[in-house]
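Labels below follow one simple rule: chain letters A, B, ... track the order of the sequence lines, proteins then strands, and each chain is numbered from 1.
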Amino acid sequence: MAQALNTALHDAMGADDRVVVFGEDVGKLGGVFRITDKLQQRFGEKRCFDTPLAESGIVGSAIGMALYGFKPVVEMQFDGFTYPAFEQIVSHLAKMRNRSRGRVQLPVVIRIPFGGGIGAVEHHSESPEAYFTHVAGLKVVSPGIPSDGYSLLRESIASPDPVLFFEPKRRYWLKEDADLPVTTEPIGTAVVRRQGTTATLFAYGPMVRTCLEAAQAGESEGWELEVVDLRSLNPFDAETVVASVRKTGHAVVVHEAQVFSGFGAEVAAQVAERAFYSLEAPVLRVGGFDIPYPAAKLEEFHLPDVDRILDAVDRSLAF
Amino acid sequence: MAQALNTALHDAMGADDRVVVFGEDVGKLGGVFRITDKLQQRFGEKRCFDTPLAESGIVGSAIGMALYGFKPVVEMQFDGFTYPAFEQIVSHLAKMRNRSRGRVQLPVVIRIPFGGGIGAVEHHSESPEAYFTHVAGLKVVSPGIPSDGYSLLRESIASPDPVLFFEPKRRYWLKEDADLPVTTEPIGTAVVRRQGTTATLFAYGPMVRTCLEAAQAGESEGWELEVVDLRSLNPFDAETVVASVRKTGHAVVVHEAQVFSGFGAEVAAQVAERAFYSLEAPVLRVGGFDIPYPAAKLEEFHLPDVDRILDAVDRSLAF
Amino acid sequence: MVTAPLPPDPAALLPPPEPVQVLDDSGTLHEVDGFPLDLKDEDFRNLYRYMVLARRVDKQAINLQRQGQLGVYASLLGQEAAQVGGAYALDEQDWVFPSYREMGAALVRGVDPSAILHLFRGTWLSDHDPMATHFGLLSIPIATQALHAAGYAMGAKLDGKDLVVMSYFGDGATSEGDAHEAMNFAAVYDAPCVFFVQNNQYAISVPLSKQTKAPTIAHKAVGYGMPGYRCDGNDVLASYAVARKAVDRARAGEGPCLIEAVTYRMEAHTTADDPTRYRTPEELARWKARDPIARFETFLTAEGLLDDVFRAEIDEEAKAYAARIRAELYDAPHGDPLELFEHVYVDPPASYAEQREQLRRELAANEAGA
Amino acid sequence: MVTAPLPPDPAALLPPPEPVQVLDDSGTLHEVDGFPLDLKDEDFRNLYRYMVLARRVDKQAINLQRQGQLGVYASLLGQEAAQVGGAYALDEQDWVFPSYREMGAALVRGVDPSAILHLFRGTWLSDHDPMATHFGLLSIPIATQALHAAGYAMGAKLDGKDLVVMSYFGDGATSEGDAHEAMNFAAVYDAPCVFFVQNNQYAISVPLSKQTKAPTIAHKAVGYGMPGYRCDGNDVLASYAVARKAVDRARAGEGPCLIEAVTYRMEAHTTADDPTRYRTPEELARWKARDPIARFETFLTAEGLLDDVFRAEIDEEAKAYAARIRAELYDAPHGDPLELFEHVYVDPPASYAEQREQLRRELAANEAGA
Ligand SMILES: Cc1ncc(C[n+]2csc(CCOP(=O)(O)OP(=O)(O)O)c2C)c(N)n1
Ligand SMILES: Cc1ncc(C[n+]2csc(CCOP(=O)(O)OP(=O)(O)O)c2C)c(N)n1
Ligand SMILES: [Mg+2]
Ligand SMILES: [Mg+2]
């Protein structure tokens, strides 16, 4: 995955010299996860550069650079350090096209390594996506597999509207046999990663892989679990989601974020509204508990895993 | 309502000299809505004072003052100016008790006048509550009637944990016959404001009044609409909510915020999970459209009103 | 000991002790070393014209608000010299990133005041074209536009374009983290960005003394390693001369700087404010005596640049402006509510069709009901 | 012209051109005007002791991380003098608000290093008692703790309490809006807060030259109207002397100030970092030659304050510390997972009972499975 993302950046910068990459430590160091590795070496300090340590500054100046005509791809070093930029994202980045009655566009991509599972210290394992799915004017995407990492990132950079690109950091080391460049399904499309009939698991980013593992494990129960990779949280592909629930009648939505008021609630609400008579049980939500992200040694108890997912399937089927 | 809130602040400061009020223009001016009127005059500049123009500074320094032993009640001048303080709220205010393993407590109240309907310019009519309901460690409340304004604010100030107190600014001028001081139901409790059997309307803050009007108007259709004032979004009173749905079988949740990924999704998801077999239709959500809050002359088309609510009831009943 | 070398004269980092003043309080001109005036008669007249027009437009806006035609309005009364003088130093290709009080700068930059006033009426969130006018959207969240300015200037610098950016903000705004980050970014990248602070002494009710302990706002520049200038913001020539220097430096690749124009907000913060709660008539009277237009008039008259013909001309123009504004704003209808869905995304999500349809139905029902 | 009066000598606002250095690079003492040393032999020894202990604890932590016992660790190697010297100027009742690199300051303040290391192991988010130790939680989000420090100091000031707060942060941190807002708040309220910047030349890979164009970090104080001091951060006596003055001023009600201790991070940013990507062996060697402990040793030896007995004593103590740390941290079990629900609210929501029950079931199932 990390390599696919790095290649996407290389290719995007190679293809369009208005694409610039900046953020904390993205230059010489190549980013703490090396996602921007060798960009500065190859494209020079004008195209890939380090900024002072200030996230509001990074996003706010990206807005200005986009107004000028560049296509900034900026990095928030970790999920938990996105918050200082909240104001610039919510009040400006998301709204400027609308505020200007369509006269301004801001093709900015904010890359955010997110989620837990790597034993990190506090503030390095957050899942803040729901704060942003509620913001009109933003697109919010998260790849679950490397080929999508490449393709969604290229499409995000090409997007005339701002995109928050959530990278599942625990899947940076995930491998996939894929020839790059690759073009997968467009933003706004959910994809059925595994067909099934017993129940549907909905996930995005890091939990796609976990759900696939759960589906596999579910076979021993005689379950045929369908796995839908949402990929694009906003815009949301209600059609694919509903089609799956029509088929299976049971839905479990899985994310790492705390469940209360999380994105799973939106999925549950949409499914209920759009597939009410197909549902044989309410959409169940599996996620982190409603607590601050815990310390490294305890994260395994907090994070959804195969067992917790299968337990939810069980409860859904027994409803 | 405005007067009830002002009285609550006077009474709280009178009762406990560790209560201090600060923020932008809360001193001499008494706040742009006069909610802090005469506090400085009565309690002096040490207990009620103006700050420099910096929201992160206000919340961050409130955290420090709370550590010292004060009980700060701070104001964000408008909903749309809460965002610069997001980092301090999410990463520090909400988490410090937990991070310190219970050794630290932060009795901070953040007052936020919120919502639209008063013809304000942009950034002055936002409904940002869902960003905060997703944050473990915060309490989030919003009164719909003046007596609750008084009582919930007093309780919030007394709370050893931080509270985000959302004041429905379009209801500042709402009147109610109530003798202050008054103690209403505690935080964590939803209240049935109007009994009914046809369907339940769920609301909080500014939309409580609108729902009561809708219920009244619904009478002409022969509907007996129940209105539940949620009051406390986190903690959430699932019990009262579910009891109402068990009775009516139909639920509509109403807020001003854009619907997508809003707090209504959480209500819908909870109701579906907890009252699946009682539901004769999915929980329908009524709110603002999924767009940035529009200009003053267009807000009436954006905001939920009696008609939009009754239309949803209609759809629910016809489901 | 490994440290960066300091400049030979460290005190040169500090703003000069007194603000630049070109016209003294009685309207007499004194050129100031280092801030030459390069103005022709034409320019003097233009500066005057813009100031008078700005004041007239401002008054018209306040009237419209009183008549219930605008939701709210933030007056520039008393700040005409600072705004006009600053913006007049810019070239065609340059950009301005304003706050909500920059009607004077807007006029200089050729932005139609009616478009600005539609924001305050609430017809749409904003109604001028930033790309065509090089005048950013009015920014209400304090200090946020300073970062857009820094970023735009960084872009120009990266692109090697001859272009200067001016960001206006207030004394209160200097307390926000965004102002700090903006000045730091601009400085680190040597971006051609002029931060123009109108120190009008108040942030709503909060006086400057409660906003900062810095000796002056210009002193804040020291922390970014850039020059801080001060000028008498009620002196249009000083405001211009200092902006001229700042813009020239930036254009020459010498990087950003901070200007503090010392002025006063003669009106309420906005039409919604009651300033009698926090300031005295005496203070107001003191500043009224320093009116920027009156002072410039004295000078122009003495120089023979202001005769009755020119006055009448400007008066006509001002009246025409006001009339156009009234015609454009008075009872101006809002646009089609369905337009609400038009400009959020180039490529709107599928759900927009449903929501648009819902609104269409509601509108139809209202029509039928009415 | 209505403006605030400037101080008689404006240049007095600026930090002195050279950092305060008490021990020169060869370890010879030169007292510096205005920064008197009030230290007894006992204190000299103590300072040395803390520095040596800090280095030993640091090394132990790095080893534990290499052995997979800590998730990550941020070393203070090279910054012992700055941290110890600064914290040594505080009294019992004073508070420290640290970043994540302040093991040295923690030791001086009597915080058990194992408690700090539990954070890096991930046993719990934090494991010392801030209320008892007057040492705030280690703050990872950059510069955010500076505001807590300012607020705490504002509280003390309001309460009329004799108490000084010291906030540690890095050179990179000075770019964040929160650092700016914190310094401004402290200055406006004259709060007894000392902002102690360890300028270790880097923010991860980003050198100071890309962080700011200010001549020095101390110059940033000018914009807040407070003094900015600089010291050789590899000189424990200079770090102490400057902190002493800063703390005394604050305690006397003279308000906050900023200290820049010029030092160097000898280790990687954290154990997860690879500094060979962004700095040279030559640079490292240059700073290694300026080792703060070696310099102080030269001085102490010359003064006859450091003999073999004392060395042995400290060595024993350091070994004991390291041993206690190993004993406490090595394979330390995490706490009861059910404790996850204990400390979020005093008064947890009803839903916690369900979630707790779910986790209990999961734990039971795992137990059964295992
Ligand atoms: C982030 C933010 N916080 C608060 C406000 C509310 N507010 C509007 S104007 C203002 C005062 C601004 O003062 P100053 O920067 O001096 O500009 P002036 O209005 O004097 O031109 C405040 C607090 C806001 N618009 N944005
Ligand atoms: C708000 C925030 N943004 C980014 C980071 C990631 N990060 C951790 S340490 C660091 C560099 C800090 O540099 P400096 O302030 O100089 O302190 P030092 O590590 O050198 O002690 C960064 C960027 C963070 N912890 N918090
Ligand atoms: Mg002002
Ligand atoms: Mg550093």
Practice task
Could you check whether the rings of B/His123 and B/Phe81 sit parallel, tilted or perpendicular, using 30° and 60° as the cut-offs?
Solution key: tilted
Exercise for the section: Output the option from B/Val104, B/Val20, B/Thr51 having the highest count of non-hydrogen pairs under 4.5 Å with chain D. Expected result: B/Thr51
Problem - Engaged part of D/Glu354 at the chain B interface, taking heavy atoms whose separation is under 4.5 Å - result: side chain
Exercise for the section: Could you check which of B/Lys46, B/His92, B/Glu87 has the highest count of heavy-atom pairs closer than 4.5 Å to chain D? Expected result: B/His92
Problem - Among D/Val188, D/Asn184, D/Ile140, D/Asp159, residue most engaged with chain B (heavy-atom pairs, under 4.5 Å) - result: D/Asp159
Handout entry: Interface moiety of D/Leu340 toward chain B, non-hydrogen atoms closer than 4.5 Å
Key = backbone
Fill in the blank from the handout: Answer key: most heavy-atom pairs under 4.5 Å with chain D among B/Met65, B/Arg99, B/Met96 is B/Arg99
Handout entry: D/Glu339 versus chain B, the contacting section by heavy-atom distance below 4.5 Å
Key = side chain
Completion exercise
Between D/Leu117 and D/Ala61 the two heavy atoms that sit nearest each other are CD2-CB, 3.7 Å
Problem - Ion pair check, D/Asp94 and D/Arg109, cut-off under 4.0 Å - result: no
Practice task
Please check if any side-chain donor atom of D/Thr144 sits under 3.5 Å from a side-chain acceptor atom of D/Asp178, or the reverse.
Solution key: no
Problem - B/Thr240 and B/Asp237: side chain donor to acceptor below 3.5 Å - result: yes
Exercise for the section: Establish, from distance only, whether the side-chain atoms of D/Tyr168 and D/Gln145 form a donor-acceptor pair under 3.5 Å. Expected result: no
